[in-house]
Visitor: 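Quick one: this structure, given as structure tokens, is what I'll be asking you about.
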Protein chains: 2
Amino acid sequence: MPLVPEAIERLVTEFGRLPGIGPKTAQRLAFHCLRTPAEMTERLGAALQQLHQQVQPCARCFFIADGDLCAICSDPRRDPALLCVVEEALDVVAVERSGEFRGLYHVLGGALSPMDGIGPDELRIAELERRAATDEVREVVIATDPDVEGEATAYYLGERLAAAGVTVTRLAHGLPAGADLEYADELTVARAFAGRRAL
Amino acid sequence: MPLVPEAIERLVTEFGRLPGIGPKTAQRLAFHCLRTPAEMTERLGAALQQLHQQVQPCARCFFIADGDLCAICSDPRRDPALLCVVEEALDVVAVERSGEFRGLYHVLGGALSPMDGIGPDELRIAELERRAATDEVREVVIATDPDVEGEATAYYLGERLAAAGVTVTRLAHGLPAGADLEYADELTVARAFAGRRAL
């Protein structure tokens, strides 16, 4: 007979599949759920079980939606001439938080990474090219992450979209707001110099 | 119309109720669940929903059980003359991992903490006194945490159980195995000196 009932072992295993949650944390979370009232644990369980039934990718931009189109694509005040290309749905949330962008989005679903077997066909690049080729779109802002994969993806998209006759731009690199120059890494400082502007 | 569908907001809220999971991590986990296949999210959901139906506290020691008694209480090879008192179910797992203890347990459900409104009546102390008063029990080993609340609880239990005519002992304090003396805190070193033994 195992020390801990199988229902708990199963919960520990499933918690441990989440990113950033190791075996120790998974065990701590499972035992925490045991101590909390059943309603709370069941509410989290229900939210997880309903997630994929109630939510799907937006048919146009692949952000998340509870209908056919997401909140942004179905907002008539957004400017359809501007497309912002991001890797993940969470990046849309980050850009929206800035309040700086009033166009539409395109969620690629990741970045090019040949080492992980992610080529152009694994991302929603064909869909992006189709959208960029319409007369409506004037500028595509590439907002992939400022890391190796994100830069490679940005470069690749720049090449591909040049043919579509749209302006392709990339988010600026430089010092993050509120940061300390003293603690910035060399590449960030080098890019901040390269991108310096007249005051 | 909110940016993110309500099903996701709900999941973020519920993840955020777990200990050690802040709003940012909760959001990251929820968006991760969106990207994984529906089966995985549903498996975690089902494990959470079934938890409280399939598992309850052991009727004797309050460790976790899927029947009336836990795996330890229903093992005839365990010595019923020895009781180890711990704060939480997870502490039983830690003591079992050491392989050092062959008796039975008693899970208090916390430690005395007047500041948080946890007095003797909020813990399973009356149940412990009843168990300790039986002829069968010879020694009660108090294994509450070596922090302020755990020490206060150990002291309180020592006083209460003296009346029951059993030997009451406390786990040794000292240097943790594999640690560096150089990095040990003053209290740990002081206790290691106080508890030194002949070689």
Visitor: Do A:Arg43 and B:Arg10 have side chains that get closer than 4.5 Å, going by heavy atoms?
Guide: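 A side-chain contact is absent here, since even the closest heavy-atom pair is not under 4.5 Å.
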
Visitor: Among the options B:Thr13, B:Thr36, B:Leu34, pick out the one with the most heavy-atom pairs lying under 4.5 Å from chain A.
Guide: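 The residue among B:Thr13, B:Thr36, B:Leu34 with the greatest pair count is B:Leu34.
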
Visitor: Which region of B:Gln56, side chain (C-beta onward) or backbone (N, CA, C, O), has a non-hydrogen atom less than 4.5 Å from a non-hydrogen atom of chain A, or is it both or neither?
Guide: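 The answer is neither part of B:Gln56.
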
Visitor: Let me know if B:Phe15 has heavy atoms under 4.5 Å from chain A in its side chain, its backbone, both or neither.
Guide: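 Contact with chain A: backbone and side chain both.
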
Visitor: With respect to A:Thr41, which candidate in B:His52, B:Gln50, B:Gln49, B:Glu14 satisfies the side chain to side chain contact (heavy atoms under 4.5 Å, CB included) definition?
Guide: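 The side chain to side chain contact (heavy atoms under 4.5 Å, CB included) with A:Thr41 is passed solely by B:His52 among B:His52, B:Gln50, B:Gln49, B:Glu14.
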
Visitor: Are B:Leu44 and A:Leu44 close enough that some pair of their side-chain heavy atoms sits under 4.5 Å apart?
Guide: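 Counting from C-beta outward, B:Leu44 and A:Leu44 never come under 4.5 Å.
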
Visitor: With a 4.5 angstrom heavy-atom cut-off, which part of B:Leu29 approaches chain A: side chain, backbone, both or neither?
Guide: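 Answer is side chain: those atoms of B:Leu29 sit under 4.5 Å from chain A.
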
Visitor: Given heavy-atom pairs under 4.5 angstrom as the criterion, report whether the side chain, backbone, both or neither of B:Pro57 touches chain A.
Guide: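 For B:Pro57, there is no contact with chain A at all, as no heavy atom is under 4.5 Å.
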
Visitor: Side chains of B:Cys70 and A:Leu3: does their closest heavy-atom pair fall under 4.5 Å?
Guide: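 The answer is no, as the side chains (C-beta and beyond) never meet within the 4.5 Å cut-off.
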
Visitor: So for A:Thr25, is it side chain, backbone, both, or neither that comes closer than 4.5 Å to the heavy atoms of chain B?
Guide: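 For A:Thr25, there is no contact with chain B at all, as no heavy atom is under 4.5 Å.
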
Visitor: Is the closest side-chain heavy-atom distance between A:Val93 and B:Gln27 below 4.5 Å?
Guide: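 Yes. Closest side-chain heavy atoms under 4.5 Å.
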
Visitor: Counting heavy-atom pairs under 4.5 Å with chain A, which one of B:Val55, B:Ile21, B:Val92 comes out on top?
Guide: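 Most pairs with chain A among the choices: B:Val55.
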
Visitor: If you tally heavy-atom pairs under 4.5 Å against chain B, which of A:Ala47, A:Ala7, A:Ala38 wins?
Guide: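 Top count of heavy-atom pairs under 4.5 Å with chain B: A:Ala38.
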
Visitor: For A:Ala65, which atoms come within 4.5 Å of any heavy atom of chain B: side chain, backbone, both, or neither?
Guide: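 Contact with chain B: backbone only.
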
Visitor: Can you tell me which of B:Ile72, B:Val4, B:Ile8, B:Asp75 forms the most heavy-atom pairs within a distance under 4.5 Å of chain A?
Guide: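 Ranked by heavy-atom pairs under 4.5 Å with chain A, first place is B:Ile8.
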
